[in-house]
Amino acid sequence: MSAAADKWTVLRLINWTKDYFARSALDEPRLAAEVLLGHVLSCKRVALYTQFDRAPSDGQLSSFRQLVRRAADGEPIAYLTGWKEFYSLTIKVTPDVLIPRPETELLVDAVLDCARSKSGETLRLWDVCTGSGCVAVAAAKHCPTLSVLATDISTSALAVARENVERHGLAGCVRVEQADLLTWPQTPRPRHQNRFDIITANPPYVTDAEMEQLPEPLKREPDTALRAGTTGLEYIGPIIRDAPAHLATGGLLAVEIGFDQAERVYGLLNEAGGYDDIRFGKDPAGIERIALARTK
Ligand SMILES: C[S@@+](CC[C@H](N)C(=O)[O-])C[C@H]1O[C@@H](n2cnc3c(N)ncnc32)[C@H](O)[C@@H]1O
């Protein structure tokens, strides 16, 4: 191999890293390689395609090598870069928050559909279990008539949510507060004399048994964001039970659920007695991923 062929170019780095990640059983190895290289070179991933022959500096190569090693050891790519794309927005993430998932975008779709049907009205949204604030931020960014409360039990997650709210210029319409959903209905109702039009929630819903089987990158995400308990419904249940006390008549509850929970969640919504129009939204794989219901 000639000296020129030996040079680590962008294309060579992507190809080598993609193969290495594939052997390390990483999901979407080429995407992971490109995201990390784009991060190190401070450019968008697509921009790499216009500079395949570029030779990164020694410092850049050394930073890239370290990140590649950490990713192969199971650190999530989003924690290594510090951001994740959600609803076409860049959301800051740290190991204190769940990494936003594409299926959670269905919650934002539900909010925006609801807002469209009431065009022009100011709507009050409460995003329970906000984590990074991704749902609250995406909804507010796309719908200027929303007034949003974003709550979580974790103070470190709330710090990240606040940063995302500010970074996207939404401090005027998204308030971030600490609240424990298991102590509803005491909090934070006293500050809100009016009821909400929409409640969204992506609560912890992974069972203890499923937690044991999680692949390595998921194990790095906060236990408090994922683990529900023995049944998986330890948080979804109280949300369904208590949400009607916080929603206006005809208000929308939209909750993300686990891949096998739709039937049991339908039962809980029915038993609660306060809901009409119970439906489920499917993810691209055809799995019922969000439960939707209107208060009577
Ligand atoms: C699955 S994560 C969802 C984060 C974010 N909404 C998303 O979709 O990426 C669940 C969140 O619920 C929060 N949480 C756990 N227990 C809670 C409780 N008792 N009250 C309020 N939030 C809680 C966790 O801190 C975590 O941020």
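Counting starts at 1 for both ligands and their atoms, following the listed order. Computation of the quantities below employed the complete heavy-atom set of this structure, encompassing side-chain atoms and omitting hydrogens, waters and symmetry-equivalent molecules.
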Location of contacts on [X] toward ligand 1, heavy atoms closer than 4.0 Å:
| X | answer |
| --- | --- |
| Tyr205 | neither |
| Cys129 | both |
| Asp180 | both |

Nearest protein heavy atom with distance in Å, relative to [atom]:
| atom | answer |
| --- | --- |
| atom 16 (N) of ligand 1 | Tyr235 CE2, 3.5 Å |
| atom 27 (O) of ligand 1 | Asp152 OD2, 2.6 Å |
| atom 1 (C) of ligand 1 | Ala225 O, 3.0 Å |

Residue pairs involving residues 284-296 (criterion salt bridge (charged side-chain N to carboxylate O under 4.0 Å, His left out); sequence neighbours excluded): Asp283-Arg289
Residue pair [X] / [Y], side-chain donor-acceptor N/O under 3.5 Å:
| X | Y | answer |
| --- | --- | --- |
| Glu256 | Thr104 | yes |
| Asp127 | Thr130 | yes |
| Gln60 | Ser57 | yes |
| Thr231 | Glu234 | yes |
| Asn270 | Tyr275 | no |

Closest candidate by heavy atom, reference [atom], pool [options]:
| atom | options | value |
| --- | --- | --- |
| atom 3 (C) of ligand 1 | Val93, Asp127, Asn202 | Asn202 |
| atom 9 (O) of ligand 1 | Pro238, Gly131, Cys134 | Cys134 |
| atom 22 (N) of ligand 1 | Ile153, Leu98, Leu107 | Ile153 |
| atom 5 (C) of ligand 1 | Thr130, Thr151, Leu181, Val108 | Thr130 |

Counting each atom of ligand 1 from 1 as listed, which ones have a heavy atom of [X] under 4.0 Å away?
| X | answer |
| --- | --- |
| Ala179 | 20 (N), 21 (C) |
| Thr224 | 15 (C), 24 (C) |
| Thr104 | 8 (O) |

Close approach of Val97 to ligand 1, heavy atoms, under 4.0 angstrom: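 No heavy atom of Val97 comes that close to ligand 1.
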Sub-4.0 Å heavy-atom approach of Pro222 to ligand 1: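 No, Pro222 has no heavy atom closer than 4.0 Å to ligand 1.
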Could you tell me how the ring of [X] sits relative to the ring of [Y]: parallel (under 30°), tilted (30 to 60°) or perpendicular (over 60°)?
| X | Y | answer |
| --- | --- | --- |
| Phe52 | Tyr49 | tilted |
| Phe196 | Trp126 | tilted |
| Phe280 | Tyr266 | tilted |

Ser154, any N or O under 3.5 Å of ligand 1 N or O: no
Listed partners of Asp223 passing side-chain contact (heavy atoms from CB on, under 4.5 Å), at least two apart: Met211, Arg227
